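Contents: one structure, followed by commentary.
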Amino acid sequence: MSSVLNRFLSYVQVDTQSDPQSTSFPSTEKQRDLSNQLVVELQELGIEDAHLDEHGYVYATIPANSNKENIPVICFCSHVDTSPDVTGANVEPIVHQKWNGDDIVLPDDHEQVLRLSEHPDLKNQIGNDIVTASGTTLLGADNKAGVAEIMAAAEILVTDSRIKHGVIKILFTPDEEVGRGTEQVDLKKLAADFGYTVDGEAVGTMEDETFSADGVKITIHGVSTHPGYAIGKLENALKIAAEVLAALPKDSLSPETTEGKEGFIHPGHIEGIQEKVVIDFIIRDFNEAGLHEKEALLKGILDQVMRNYPNSKSEFKVTEQYRNMKEILAKYPQVIDNATEAMKRSGLNPVTRSIRGGTDGSRLSFMGLPCPNIFAGEHAFHSRLEWVSVQDMEKAVEVIVNLAQVWEERS
C-alpha cells in the first residue's frame with residue numbers, strides 16, 4: 001500500500017466535520033483530533049518544529065537542503081475539516097481496485113451508485129484504484145486527500161537528500177468549509193513567500209481564479225400575538241421570510257441555474273419563529289461589481305416584501321468572505337509558471353482554470369501570501385458519492401515534490 005493511500009485511509013476515519021453555526025474556533029473540537037495526529041506524524045519524520053497552535057492550525061517547517069541563497073519559501077496548505085452538508089462520522093473507506101468501468105454500488109446504501117455516465121472524470125480512471133465511502137457518509141477526500149498528499153510529499157522531501165529544495169512550510173487549517181479557514185492564521189509565524197493549496201479536483205488542473213464571495217444575513221422582526229386573536233395584528237415573520245424566498249428569480253441567479261462565470265444568490269440556512277426569522281445567504285460572482293448588483297437585487301426584494309407589513313422591521317447585513325485570487329496572482333506569474341512546469345515533469349498536461357467556489361488560497365492571497373490551488377484528485381465532494389483515485393493522489397504527491405525542486409532550480 002502506498003504511503004499516500006495508507007495515510008488517506010487513516011485520516012478519513014477521523015471525524016472532522018466543521019459547524020457553520022458554531023461561534024468557537026475551531027468550530028468543532030474534533031478537528032483537533034486529526035491535527036494532533038498530523039503533528040505526531042510530522043515529528044516522527046524529524047520535523048522538529050511541527051506543532052498545533054491554540055486556534056487549531058498545524059505549522060511545520062522542512063529545512064532547506066540546497067546551498068543556494070534567496071530561494072523563496074514555499075508553503076503547501078490543506079484543510080482538515082469536512083463539509084457540514086453530509087456526516088463525516090464513522091467513515092468506512094473502500095478501495096475498488098483496478099476499476100473496470102462498471103457502476104460502483106455503495107454497500108451500505110444501494111441507492112448510492114457511482115456511474116461513469118454521471119461522473120465524466122471517471123472516464124480516465126479505468127484500471128485505476130477508486131476510493132469511496134460505504135454510502136452513508138461522505139468520504140472526506142475534500143480535503144484529506146490534500147492533507148495525505150502533503151504528508152506523503154513531506155516524507156519524500158525529508159528522507160531523499162538528492163531532491164534539492166529551499167525552506168518548505170506546511171500549513172493545515174481548520175474550518176475552511178465554513179469560510180473561516182484563514183481567520184486566525186499567523187502569516188508572520190508561517191514566514192512563507194508563496195503558497196499552494198492542495199484542494200482541487202481533476203488531475204493536472206490548477207485554479208488561479210475563484211469566485212468573490214459575500215454573506216448576507218436577513219433578519220425579519222414580525223409582530224407576534226395569540227393566533228386566536230390575531231386579526232389585524234399578526235405579521236408572521238415566517239410568512240414574510242417565505243415571501244422573500246419565493247420572490248427570488250426562478251430561472252437565473254441560483255446555483256442550480258448558473259454555470260461558468262455566472263454568479264448567484266443562494267439561501268443556505270433559515271431559522272426562526274413567527275416573531276423573528278433569520279435567513280443566511282451566500283452571494284457569489286467573479287467580480288466585486290457583480291456581488292454588489294446581486295446584493296442590491298436581494299435588498300430590493302426584501303424592501304418590496306416588507307412594504308406589505310408596515311409594523312414589521314428587517315435588517316440586511318453584508319459580510320465580506322473572500323475575493324477573486326486572480327487579482328493578486330496576476331502580479332506573480334512565476335507562481336503559476338512553476339506549478340505548470342512541475343505538472344509537466346510529472347507527465348501531465350496542465351490546465352489552468354477558474355473555480356466556482358473558493359479556497360483558503362483566496363483569502364491567503366489577499367493577506368499577502370499569493371496562493372493558487374492545485375489538484376488533489378477529489379471528486380463529487382460534499383456528497384455520499386465522493387471519490388478519489390489512488391493514482392491521482394500519487395500524481396499529486398509527485399507534483400508537490402517537483403514544485404519544491406522547480407523553485408530551487410529557478411532561484
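Remember, predicted model here, so these are calculated numbers, not experimental data.
- Counting only N and O atoms by type, the side chains of Ser212 and Asp285 include no donor and acceptor under 3.5 Å apart.
- For the residue pair Thr137 and Thr87, no side-chain donor N or O sits within less than 3.5 Å of a side-chain acceptor on the partner.
- Taking OG1 of Thr210 as the start and CG of Asn324 as the end, the distance is 4.5 Å to the nearest 0.5 Å.
- Ion pair Lys344/Glu341 not flagged as a salt bridge, since none of the NZ, NE, NH1 or NH2 atoms sits closer than 4.0 Å to an Asp/Glu carboxylate oxygen.
- Counting only N and O atoms by type, the side chains of Ser27 and Asp19 include no donor and acceptor under 3.5 Å apart.
- Interatomic distance, OG1 of Thr132 versus CD of Glu92, reported as 10.5 Å (0.5 Å rounding).
- Note: Tyr196 and Phe76 have parallel aromatic rings, judged against thresholds of 30 and 60 degrees for the angle between ring planes.
- Remark: Asp251 CG is loosely packed, at most 12 non-hydrogen atoms of other residues, nucleotides or ligands lying under 6.0 Å away.
- A heavy-atom distance below 4.5 Å is not found between the side chains of Ile150 and Val147.
- The shortest side-chain heavy-atom distance between Pro249 and Leu297 falls under the 4.5 Å cut-off.
- Remark: the Asp214 side chain and the Gln321 side chain contain no N/O donor-acceptor pair separated by less than 3.5 Å.
- A donor-acceptor contact closer than 3.5 angstrom links the side chains of Asp142 and His79.
- In this structure, Ala153 and Val401 approach most closely via the heavy-atom pair CB-CG2, 4.0 Å.
- Checking Glu235, Glu275, Glu315 one by one against His221, the side-chain hydrogen bond (donor to acceptor under 3.5 Å, both in side chains) holds for a single residue, Glu315.
- A ring-centre distance under 6.0 Å is found for Phe211 and Phe264.
- Contact record, Pro267 with Ile279: CB-CG2, 4.4 Å, taken as the closest heavy-atom pair.
- Counting non-hydrogen atoms of neighbouring residues, nucleotides and ligands closer than 6.0 angstrom, the NZ atom of Lys239 reaches no more than 12 such neighbours.
- Ring geometry for Phe25 against Tyr57 counts as parallel: the plane angle stays under 30°, on a 0 to 90° scale with 60° as the upper cut.
- Taking a cutoff of 4.0 Å between a charged side-chain nitrogen and a carboxylate oxygen, Glu256 and Lys250 do not qualify as a salt bridge.
- For Glu29 and Ser24, the side-chain atoms include no donor-acceptor pair closer than 3.5 Å.
- Under 3.5 Å, the side chains of Thr136 and Asp108 contain no donor-acceptor pair of N or O atoms.
- Side-chain contact, Asp121 with His119: no donor N or O sits under 3.5 Å from an acceptor N or O.
- The environment of CD in Glu271 is sparse: at most 12 heavy-atom neighbours from other residues, nucleotides or ligands sit within 6.0 Å.
- Counting non-hydrogen atoms of other residues, nucleotides and ligands closer than 6.0 Å to NZ of Lys123 gives a total above 12.
- Side chain to side chain, His51 and Gln43 fail the donor-acceptor criterion of an N or O pair below 3.5 Å.
- Other residues, nucleotides and ligands contribute more than 12 heavy atoms inside 6.0 Å of the NZ atom of Lys68.
- Within the 4.5 Å cutoff, no side-chain heavy atoms of Glu295 are placed close to those of Phe281.
- Taking the six-membered ring where the residue is Trp, the centroids of Phe194 and Tyr332 are separated by under 6.0 Å.
- None of Pro174, Pro26, Pro84 except one satisfies the side-chain contact (heavy atoms from CB on, under 4.5 Å) rule with Ser18; the exception is Pro84.
- Residues Arg356 and Thr258 have side chains that bring a donor and an acceptor to within less than 3.5 angstrom of each other.
- With hydrogens and angles left out, the side-chain atoms of Gln405 and Glu409 include no donor and acceptor closer than 3.5 Å.
- Gln31 and Thr16 share no donor-acceptor pair across their side chains, judged by distance under 3.5 Å alone.
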> When you look at Thr61 and Lys169, which way does the side chain to side chain donor-acceptor pair (under 3.5 Å) test go after all the steps?
Replying inline: CA-CA 5 Å; Thr61 306; Lys169 297 285 185 172; 2.9 Å; yes

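- One side chain, Ser78 or Asn143, offers a donor N or O that lies under 3.5 Å from an acceptor on the other.
- Residue Gln21 places its CD atom among more than 12 non-hydrogen atoms of other residues, nucleotides or ligands, all under 6.0 Å distant.
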>> Apply side chain to side chain donor-acceptor pair (under 3.5 Å) to residues Glu155 and Ser3 and explain how you reach the verdict.
In response: CA-CA 9 Å; Glu155 181 177 1; Ser3 171; 3.0 Å; yes

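- How far CH2 of Trp387 is from NE2 of His379: 3.5 Å, rounded to the nearest 0.5 Å.
- Checking Asp129 against His96 by side-chain atom types alone, no donor-acceptor pair falls below 3.5 Å.
- A salt bridge between Arg323 and Glu320 is present, with a side-chain N of the basic residue lying under 4.0 Å from a carboxylate O of the acidic one.
- Of all the heavy atoms in Ala141 and Val388, the pair that sits closest is CB-CB, 4.2 Å.
- A salt bridge links Arg162 with Asp160: the closest approach of a Lys/Arg side-chain nitrogen to an acidic carboxylate oxygen falls below 4.0 angstrom.
- Salt bridge Asp303/Arg307: absent, no basic N to carboxylate O contact under 4.0 Å.
- Residues Asp208 and Arg353 have side chains not in contact (no heavy-atom distance under 4.5 Å, counting atoms from C-beta outward).
- Scanning both residues, Ile170 and Leu42, for their nearest heavy atoms gives CD1-CD2, 4.0 Å.
- A salt bridge does not link Arg345 to Glu398: none of the charged side-chain nitrogens sits closer than 4.0 Å to a carboxylate oxygen.
- Cation-pi check for Lys189 over Tyr59 is met; the charged atom lies under 6.0 angstrom from the ring centroid and within 45 degrees of its normal.
- Taking each heavy atom of Phe375 and Asp392 in turn, the nearest pair found is CE1-O, 3.7 Å.
- The pair Asp199-Lys144 fails the salt-bridge criterion, with no side-chain N (NZ, NE, NH1 or NH2) lying under 4.0 Å from an Asp/Glu carboxylate O.
- Between Ile218 and Ile220, the shortest heavy-atom distance links the atoms CG2-CG1, 3.9 Å.
- Looking at Ser83 and Glu177, their side chains never bring a donor and an acceptor atom within 3.5 Å of each other.
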